2 protein chains.
Amino acid sequence: MTLPLHERIRSKIEAAILSGALRPGARLPTEHELMREYDCARMTVSKALSSLAAAGLIDRRKRAGSFVARPKVHSMVLDVPDLEQEVTQRGQRYRFELAKRIVKRPDIGHDEEIQLAGSGDLLLIEGVHFADDVPLAVEARLVSLTAVPEIAAQAFDRSSPGAWLIRYVPWTEAETRIGAVPANREVAARLNLPPGSACLFIERRTWRGDEGITLVRQHFVGSAYDLIARFGSARSMAEVKKQSVQNGDASAQE
Amino acid sequence: MTLPLHERIRSKIEAAILSGALRPGARLPTEHELMREYDCARMTVSKALSSLAAAGLIDRRKRAGSFVARPKVHSMVLDVPDLEQEVTQRGQRYRFELAKRIVKRPDIGHDEEIQLAGSGDLLLIEGVHFADDVPLAVEARLVSLTAVPEIAAQAFDRSSPGAWLIRYVPWTEAETRIGAVPANREVAARLNLPPGSACLFIERRTWRGDEGITLVRQHFVGSAYDLIARFGSARSMAEVKKQSVQNGDASAQE
DNA sequence: AGACAATTAATGTCTATACATTAAAGCTGA
DNA sequence: TCAGCTTTAATGTATAGACATTAATTGTCT
């Protein structure tokens, strides 16, 4: 490659972080060590580190050094990160009720499953999120056991797989699809709604590099959940401040 | 302020861009001119400009200079920027049908209108977006005439106010609320749907600095519209690639 | 006039150095 | 012991200069 040196340094460290070789919280070499490693001036490594810090991948502390940042919920502009946290933060009691949890091979004919699984197996997790014992959303999730073998040891009989994944598996790409759909019989039954009720539907796939991690489909009770995102355009794009549960009379058109 | 010099330079230029004093396409001073203006070294102004470039606010071209970037749709992670463009891009014919267009004072009791209008008036625009003559969404929009007096001259009898605003009025903050609601009688009638059908509801407010620009509420036909956002976490957050019209059988839970 | 080459004005990268700032770590004394 | 001071190792900011790279401009030759 003929990339500028500071870019090469940056992407080497970035790769180490994203691959998991450098785990969240780990300390990375000091600028002086990096100068020696790459035989360059301090400004050059500083530029690389500044860029990583600006992207939120690392935290830098004077006298202490630079550390791999723990993945911050707020950096994910459209993720619906941690229902558990959102619900408890509002003073409600959160519960995840596991309905199904099986290891399966990807279905032939379901391209997205095959693409996600690669040559390995999938963990299928289905369940319902409750706030104060009122159902808030149903979730059906597939996790690649190739990408995340550790998840096999997790029970998820009370906490949700989403929260666990967010904490332990960094992703590099995500695609989110948002729509409004009527509740079918199964969803309606699980959410305790009349069939046909409007539900917010969210489907999200995440990858780490080329490797698929998870595919999740969630149906939220339309009258109880809004997704809210705030952001500033110019300053750091990562300023989403809130994603909140419960809407009021949002449907009123004026 | 005791901000570092490169930050002060950055924010001064940024303010000039966001306020409209420096318009898109305008050329800004060369690094040498800025060195003289701020009596500092070239690396310092370079740092400021690099930061602006990284944020997508300016484009830099060797030999030519640095220019204010034209606002890019893609840098807005959750904006639903230009329905017109999305529809035509899919090979369909787009039409905006204006239903109402009045100047009004903010209603007492509607806090959001008062907050938006400040001491001035509001332009209320209501209409329907069509793709190939099939209604896709209804929209009710308020625009602050204080912030955007130029909009009074626009007709919007065929093109939508959203497209116009995106092009001519840069914003600094946005808040988007997304939900799923049943169509009420009025919405159902305008969208040619049975009442109660699931609709994707989007409400967005945007500001430039402290000044409110617009508040828009849109109801999309649930069975015809999905919002899709892709992004990478680490690399530039601004990599949303698509927001697409039309869903298929997304409601199937597996 | 038009193709091509040379000039040059801008940004891009990098070095080497200096001093400022912060906070961890160690030290000292009541 | 522990509060408070001092040291010090790290990042943060800035300077001044060198050379590289790119592409707009200008000049030259046909």
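All of these numbers come straight from a predicted model, not from anything done at the bench.
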By nearest atom, which of the nucleotides [options] is closest to the [X] side chain?
X: A:Arg60; options: D:dA24, C:dA10, D:dG12; answer: D:dG12
X: B:Ser46; options: C:dT13, D:dA24, D:dT15; answer: C:dT13
X: B:Met43; options: D:dG12, D:dT15, C:dT13; answer: D:dT15
X: A:Lys62; options: C:dT13, D:dA14, D:dG12; answer: D:dG12

Under 4.0 Å, counting only non-hydrogen atoms across every strand here, what does B:Leu5 touch: a base, just sugar-phosphate, or nothing?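 Since only primed, P, OP1 and OP2 atoms lie under 4.0 Å of B:Leu5, the category is sugar-phosphate.
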
Less than 4.0 angstrom from a charged side-chain N to a carboxylate O is my criterion; do A:Glu31 and A:Arg60 meet it? yes

Expressed in angstrom and rounded to an integer, what is the separation of [X] atom [atom1] from [N] atom [atom2]?
X: B:Ile58; N: C:dA10; atom1: CD1; atom2: P; value: 15 Å
X: A:Leu3; N: C:dC14; atom1: CG; atom2: P; value: 10 Å
X: B:Asp39; N: D:dT15; atom1: CG; atom2: C1'; value: 11 Å
X: B:Lys47; N: D:dT11; atom1: NZ; atom2: P; value: 14 Å
X: A:Tyr38; N: C:dT15; atom1: OH; atom2: C1'; value: 18 Å
X: B:Leu34; N: D:dT15; atom1: CG; atom2: P; value: 13 Å
X: B:Glu33; N: C:dT11; atom1: CD; atom2: C1'; value: 13 Å
X: B:Arg8; N: D:dT13; atom1: CZ; atom2: P; value: 12 Å

Is the terminal nitrogen or CZ of B:Arg93 (NZ for Lys, CZ for Arg) located under 6.0 angstrom from the six-membered ring centre of B:Phe130 and within 45° of that ring's axis?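 Relative to the ring axis of B:Phe130, which defines the angle, B:Arg93 lies outside at least one limit.
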
Please determine if a side-chain N or O atom of [X] lies less than 4.0 Å away from the OP1 or OP2 oxygen of [N].
X: B:Arg27; N: C:dA10; value: yes
X: A:Thr44; N: C:dT15; value: yes
X: B:His6; N: D:dA14; value: yes
X: B:Ser66; N: C:dT11; value: yes

Polar side chain donor-acceptor pair, [X] to [Y], under 3.5 angstrom:
X: A:Arg27; Y: A:Ser66; result: no
X: B:Arg205; Y: B:Thr214; result: no
X: B:Arg204; Y: B:Thr176; result: no

Go through the N and O atoms of the side chain of B:Arg63 and the base of D:dA24, and report whether any donor-acceptor pair is under 3.5 Å. yes

Taking the nucleotide of DNA chain C with the closest heavy atom to each, which residue, B:Arg61 or A:Cys40, is nearer the 5' end? B:Arg61

